[in-house]
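Just follow the structure's listing: the first ligand is 1, and inside any ligand the first atom is 1.
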Amino acid sequence: MFLLSVNCLKAQENYKQITEGKEVYAGGDSYDVKLFKAKTKGKKPKNVVLMIGDGMGVSHIFAGLTANKGHLYLENFKNIGFIKTHSANNYITDSAAGGTALSCGVKTYNGAIGMNIDTVSVVNIREIAEEKGKSTGVVSTSSITHATPASFIAHQPERTMYEAIAADFLKTDIDVFIGGGLKHFTQRADNRNLAEELEKRGYFVEKDINSIRDIDAEKLAGFTAYEHNGNCSERKDMLQISTSTALNILDKNKKGFFLMIEGSQIDWASHQNNTQYLVSEMLDFDKTIGLVLDFAFRNKETLIIVTADHETGGFAINGGDVATGRIEGAFITGNHTALMVPVFAFGPGAENFSGIMENTDITQKLIDIF
Ligand code: MG
Ligand code: ZN
């Protein structure tokens, strides 16, 4: 018990605690899913949108599909594969090594952000896009300094170095980022006010989702929470609004863009073994996929990759009903598992992303065709 509380304190990640008796989802609202036929211009994408469902395994997706009475936007994707998620030092990855594999294309140790096993910085796919003159963005439903989004920005030896990670945003030329975590920019041990520094560098710094919704800026730093965002029922359509805003800003660049969008809390719901929370986060992520599909369908030069960094919960479905959306969920752990996770690709270049791959292959392939 003592050890457990020390570990929890050390991690300061209270979303990881199991809540008992939340395995069954009774059913609820559903939405209509539109089918898009991929029409592509050329073989290489001008734009890439990488969408990461943190902790999202096949069971999570099927829970979402059942809860939505039989369909998801994900069904638009015809190129499907799997990735092996193990890190350099662990059969079971954390989100830092998993994020770094997807951002930098290298296997590293659990906890590393944008660094290899020797704690040497590795260039990430967003930086490569930036060097090519493309616009770049990152959107997340966690703090923007949390492991997954941080992997596309920062280079730090340990994921909990939130203030150093926040400072790394100032070393980039990123065009738009939206997520929680204002605290790590403004209430810092070094007394720097990074929000003011961002403003001096020409960013619109917005702290309200309604101003993020309406903004037409060249550069945007959007903070949707002081620390983490609330869950889906609390933050409502924050992820869809943020995604639309980011696409509007990024699409102005004739050379194209790279955008990473994270559904962070699929993982947190799974750590908590809470099926209702898991389903609502899964459907929120899928609705956002629908929005990006709608953009890509009209744009024709956008490759969308949807994948996960790892599976969380060892989530399984013991029973349910597509007609009512009921799901009898079960979890074998409050942590991550070693399972392969799916990869879905849509748009020009999508055919490269099928079969069983390493997580690092995603970025290596993107570098080749982007
Ligand atoms: Mg994450
Ligand atoms: Zn996790």
Side-chain angles (χ1 to χ4, degrees), residues 7-8 10-19 50-57 59-60 83 85-87 90-104 108-114 124 126 138-154 156 158-162 165-166 177-181 184 224-225 227-232 235 238-239 242-243 259-274 277-278 281-282 284-285 288 305-315 331-339 341 359 362:
N7 279 340
C8 291
K10 192 178 163 197
Q12 290 188 333
E13 306 282 17
N14 54 14
Y15 58 80
K16 288 184 177 170
Q17 288 179 2
I18 291 176
T19 48
L50 175 60
M51 304 186 69
I52 302 175
D54 197 318
M56 182 182 75
S59 300
H60 300 72
I83 51 173
T85 64
H86 64 270
S87 69
N90 206 308
Y91 186 53
I92 297 176
T93 190
D94 80 325
S95 291
T100 299
L102 292 170
S103 64
C104 301
T108 188
Y109 60 93
N110 286 6
I113 300 290
N124 66 52
R126 194 200 56 75
V138 170
V139 170
S140 174
T141 50
S142 61
S143 163
I144 202 72
T145 53
H146 208 240
T148 315
S151 300
F152 290 81
I153 303 290
Q156 296 295 338
E158 178 49 54
R159 60 183 289 171
T160 53
M161 298 169 68
Y162 296 124
I165 289 166
F177 61 93
I178 305 170
H184 306 298
T224 50
E227 195 164 6
H228 288 307
N229 292 293
N231 64 31
C232 187
R235 66 174 193 270
M238 171 250 152
L239 186 59
S242 304
T243 297
L259 172 62
M260 193 287 290
I261 300 165
E262 185 200 16
S264 320
Q265 299 190 28
I266 299 168
D267 174 67
W268 304 1
S270 308
H271 278 289
Q272 292 180 20
N273 292 1
N274 183 331
Y277 182 13
L278 182 161
E281 293 297 333
M282 185 63 228
D284 181 57
F285 189 56
T288 310
I305 307 277
V306 182
T307 189
D309 47 357
H310 53 75
E311 196 274 348
T312 305
F315 181 52
F331 299 83
I332 58 162
T333 177
N335 274 309
H336 303 170
T337 70
L339 282 181
V341 291
N359 50 4
I362 301 295

**Asked** So, T243 versus T288: side-chain donor-acceptor pair below 3.5 Å or not?
**Response** no
The ring pair (Phe, Tyr, Trp, His ring centres under 6.0 Å) partner of H60 among Y277, F285, F315 is F315
Is there an N/O/S atom in D267 that lies less than 2.8 Å from the Zn ion (ligand 2)? yes
| message | When you compare the side chains of S264 and D54, does any donor N or O come within less than 3.5 Å of an acceptor on the partner? | response | no
Backbone or side-chain N/O/S of D54 under 2.8 Å of the Mg ion (ligand 1)
yes
Q: Compute whether any side-chain donor of one residue and acceptor of the other, for H336 and D309, lie under 3.5 angstrom apart.
A: no
Would a 4.5 Å heavy-atom cut-off, applied to side chains only, mark I18 and H271 as touching? no
**Asked** From the Mg ion (ligand 1) out to just under 2.8 Å, does an N/O/S atom of T148 turn up?
**Response** yes
If I take every N, O or S atom of E262, is at least one of them less than 2.8 Å from the Mg ion (ligand 1)?
yes
In this structure, the Zn ion (ligand 2) sits at the vertex of an angle between NE2 of H271 and NE2 of H336 that rounds to 10° as 100°
